[in-house]
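These notes are about the structure you will find just below.
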Amino acid sequence: MDRPAKHQDQLIFHLGGRRSGDGLQAIAGLGLRPALLAPYRDLGALRHDFPLVLATGPGPAFGHTLSELVDTVLQDVAPRGIEGERLRRHALQLETEIRRAVDGGAAGLLSTLWDQAAERLGAREGETLEKVLTHAGAALRADGEVIGCTHEMPARLISHAWRAAQRDKTRRFRADLSRLVLKLSDILRAALSHSQAGRQPQALRASVGGPHQSAFDFDRLSRIVGKGLPRDELPPARRERLERTLAVLESQRFFAADDGEGDDVGAGRRFGFAFDNCAAAAEAFGQRLPELVALARALAIAELEVQGRYAEAEHDLFFEAFDDNALTADDLARFPDYLVCIPPDRNDAPENANLMEMLSSGLPVKVLVQTSDLLEEASIGTGRFAFGVRSARLATAAMGLGGMFVLQSASANLWALRERIARGLACRGPALFSVFAGSAQPAGQLPPYLSSAAAMQSRAFPAFSYDATAGDNWATRFSLENNPQPDDDWSVETLDFADAALQRAHERCAFSFADFVLCDARHAAHFARVPAEGWGAQMLPVDEWLTLADADAVQRVPFLWVVDEHDVLQRVIVDARLMQATRRCLLLWRRLQEHGGVHDSHAERLLAREKAAWSTAQQAQAPAAPATAASKAGAPVEAEAAPAAHSRDEAWIDTARCPSCNECQLINDRMFGYDERKQAFIKDLAAGTYRQLVEAAESCQVAIIHPGLPRDPNEPGLEALLARAEPFR
């Protein structure tokens, strides 16, 4: 088959997803993976953030990496220079042994796994080595449960960090509580000791130690010391208030009755605050709210009493009316936060349907939402999000609610963002942690660590955080911290390989959304392998193809660099449906970049305007240029016709670029229509709302819908809608 025919076959596959001819091969069962992932087949041999060691006991750190602890041990026990080289080498062997064991399912304390690994190495290389490594393990500065980057890891890590944050809150609360209880008890005790009741024989007997009671005549002593004393120094109303307040403080069920490290006597009646669904957490908060209000009231009364500032005429009426509406953010911040770790397969369950409502209500709740599938195929018209973006929308939607902490990250990146996690768990009010825990694929696909890292690297699930308390603008609140090459569309690396002549060669290689999809065997139909004899100039890497104008793109075919199970370099071409999803992923990434101040369209437009103004000013100051020969001859000069321009305030659709996805018509088929070429246009602007226009712009896969300004100035929620519409105007 000649080259033009091969190119035609490639175009047919790209446009329609059908393989024709003998030049294309299905990739199912070939074991292909993106070429940039070739060096990561054996994760156990590589030092990285996992496994983690969950620290126990007090301290600022809630965990450590295995590599960090091994390095610390070597700094402490290995002699410097060549004398310590053998121990360093064997300790790194032991670290690899532990990492492989954890990857294989081993669990337990680091000290236990260390001894087991030392025993295995000793069995292979000698008993002396086992003793040396066991002795080195005694220098470990921390111990705790060891966890690998599994699908269960995000919930375990967030829960562990949450418990550490709650221990700190418990210590602070108990210090305040103990102080107030002691002060109130002292007031009551002092009042009793100076009253007639406190001078009764029984009271005097109780105040003297048991061994010395026989030495006193308490009846006579009572008559002597009780002369002239009042019956009670405390007014009845104040005594009743103090006793009632003290009873509430001593019977509270929100915090442990010890230092928070162990189980106290009343642990069985203490409230629990960890849940696996939103409905249970919201119900528990509602049921406990009366007790929370009573305890907050008691704390406020106690503070006034111990300071001697309680004025019945002023404060009685206030505290009689004190209810949940009187609770402040400071009040709620003193109490434990609720933790909700939603299992990955329960995100859409009815008990979690109130997630956004719970977050927007300001409930003191920290929610972990996990997903293990970013690539849910959905046919047009099923009412679900488009291919490849459904699970990545939650955190961006939560940011729009404002007033909370939001963090999105792949599980492989969680430890790198541990300071952000701690900040989110310690913040006042709600916090959302949206985590991709790695693809839940059958054996033979990428392990969770590599799958989640690929999701972040490909922009399928980028990392970002939003902290509403960090400042009053996006520059201080929003961060794209730890994303690879955050200023660029895709992360680009240099691919080193041996060519056909076994010479070292280099290739620039971008890791795109299409590369991430390639790692999922369910979507093999979107790719076709092209043998080396079919490679040609008509094929372009995916990232370069996306930069082409439409007229040029239809003549080219996008491809990915991949390797087979023997690490032989291959090319696979990509169909149009997946390229459409890749373009959409890039659009969502660029929106996040704008939030982070990267390629800010407002700043770029302002810069262009200032440059134009500067250029105009420079031209006005320059001497007039000599007239052209045509002007001297009096020849008429015809201005070129400028293309029609649309105002930013006008609602319009770039119809020529419409991919006929039908998403806008699903929103409102009376507002949006199709022309004879099945491309969208605005049929009747008055047939819908500005909200529908903005939603259509946000859901448009190629960003061709421009909402302009609203027609109805009284439409509800215009301020928020205008902010959402701004990137598309």
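All values reported here derive from a predicted model rather than from experimental measurement.
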Margin query: Using the side chain to side chain donor-acceptor pair (under 3.5 Å) criterion, which residues pair with Q25? Sequence neighbours excluded.
Written below: R529

Check: Which residues satisfy the side chain to side chain donor-acceptor pair (under 3.5 Å) test with E565, sequence neighbours excluded?
Finding: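 Applying side chain to side chain donor-acceptor pair (under 3.5 Å) to E565 gives none.
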
On a heavy-atom basis, which atom in [X] and which in [Y] lie closest, and how many Å separate them?
{"X": "V340", "Y": "A281", "answer": "CG2-CB, 3.5 Å"}
{"X": "F13", "Y": "V574", "answer": "CE2-C, 4.2 Å"}
{"X": "T96", "Y": "G44", "answer": "CG2-O, 3.4 Å"}
{"X": "P462", "Y": "W589", "answer": "CB-CZ3, 3.6 Å"}
{"X": "M456", "Y": "A463", "answer": "SD-CB, 3.6 Å"}
{"X": "F464", "Y": "A395", "answer": "CZ-CB, 3.5 Å"}

Would you kindly say whether [X] and [Y] are connected by a side-chain donor-acceptor distance under 3.5 Å?
{"X": "N482", "Y": "N413", "result": "yes"}
{"X": "T65", "Y": "D49", "result": "no"}
{"X": "Q457", "Y": "S491", "result": "yes"}
{"X": "Q93", "Y": "E97", "result": "no"}

Run the salt-bridge test on [X] and [Y] with the 4.0 Å N-O cut-off and return the result as yes or no.
{"X": "E95", "Y": "R99", "value": "yes"}
{"X": "R163", "Y": "D168", "value": "no"}
{"X": "R508", "Y": "D543", "value": "yes"}
{"X": "K169", "Y": "D337", "value": "yes"}
{"X": "D575", "Y": "R577", "value": "no"}

Once you round to the nearest 0.5 Å, how far does [atom1] of [X] lie from [atom2] of [Y]?
{"X": "D487", "Y": "Q593", "atom1": "CG", "atom2": "CD", "value": "7.0 Å"}
{"X": "R33", "Y": "L518", "atom1": "CZ", "atom2": "CG", "value": "10.0 Å"}
{"X": "R591", "Y": "L586", "atom1": "CZ", "atom2": "CG", "value": "11.0 Å"}
{"X": "D489", "Y": "T547", "atom1": "CG", "atom2": "OG1", "value": "9.5 Å"}
{"X": "F527", "Y": "L24", "atom1": "CZ", "atom2": "CG", "value": "14.0 Å"}
{"X": "S409", "Y": "I421", "atom1": "OG", "atom2": "CD1", "value": "7.0 Å"}

Side chains of [X] and [Y], heavy atoms from C-beta outward: is any pair under 4.5 Å?
{"X": "V435", "Y": "V369", "value": "no"}
{"X": "F461", "Y": "Q408", "value": "yes"}
{"X": "F62", "Y": "R418", "value": "yes"}
{"X": "L363", "Y": "Y338", "value": "no"}
{"X": "P447", "Y": "L43", "value": "yes"}
{"X": "E481", "Y": "L417", "value": "yes"}
{"X": "R100", "Y": "I98", "value": "no"}
{"X": "L407", "Y": "S434", "value": "no"}

Item checked: Among I158, L355, L339, side-chain contact (heavy atoms from CB on, under 4.5 Å) partner for V367 ->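 Checked I158, L355, L339 against V367; only one passes side-chain contact (heavy atoms from CB on, under 4.5 Å): L355.
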
Notebook entry, point to check: Of all residues at least two apart in sequence or in a different chain, which pass the ring pair (Phe, Tyr, Trp, His ring centres under 6.0 Å) check with H595?
Noted result: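 By the ring pair (Phe, Tyr, Trp, His ring centres under 6.0 Å) rule, H595 matches W474, F478.
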
Next item on the list: Could you pull out all residues at least two apart from F50 that satisfy ring pair (Phe, Tyr, Trp, His ring centres under 6.0 Å)?
Entry: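 For F50 the ring pair (Phe, Tyr, Trp, His ring centres under 6.0 Å) partners, ignoring immediate neighbours, are Y449.
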
Next item on the list: For S452 and A412, indicate whether the former's side chain and the latter's backbone hold a donor-acceptor pair under 3.5 Å.
Entry: yes

Checklist line | Flag, side chain of H64 to backbone of L54, donor-acceptor distance under 3.5 Å | finding: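 No, because the side chain of H64 does not come within donor-acceptor range (under 3.5 Å) of the backbone of L54.
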
Next item on the list: Check the angle between the aromatic planes of F516 and F436 and answer parallel, tilted or perpendicular using the 30° and 60° thresholds.
Entry: perpendicular

Next item on the list: May I have all residue pairs that pass salt bridge (Lys or Arg N to Asp or Glu O under 4.0 Å) and include part of residues 338-347, sequence neighbours excluded?
Entry: R346-E351

Next item on the list: Report yes or no: is the cationic atom of R288 (NZ for Lys, CZ for Arg) closer than 6.0 Å to the six-membered ring centre of F273, at no more than 45° off its axis?
Entry: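 So R288 does make the cation-pi contact.
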
Notebook entry, point to check: Crowded around R47 CZ? As in, over 12 foreign heavy atoms under 6.0 Å?
Noted result: yes

Note to self: Taking CD in E544 as the centre, count heavy atoms belonging to other residues, nucleotides or ligands within less than 6.0 Å. Is the count above 12?
What the structure shows: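 Yes.
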
Next item on the list: Kindly state whether the ring of H14 and the ring of W545 have centres lying under 6.0 angstrom apart.
Entry: yes

Identify all side-chain donor-acceptor contacts of residues 34-41 below 3.5 Å with residues at least two apart in sequence or on another chain.
| unit_1 | atom_1 | unit_2 | atom_2 | d |
| --- | --- | --- | --- | --- |
| R41 | NE | D567 | OD1 | 3.0 |
| R41 | NH2 | D564 | O | 2.8 |
| R41 | NH2 | D567 | OD1 | 3.0 |

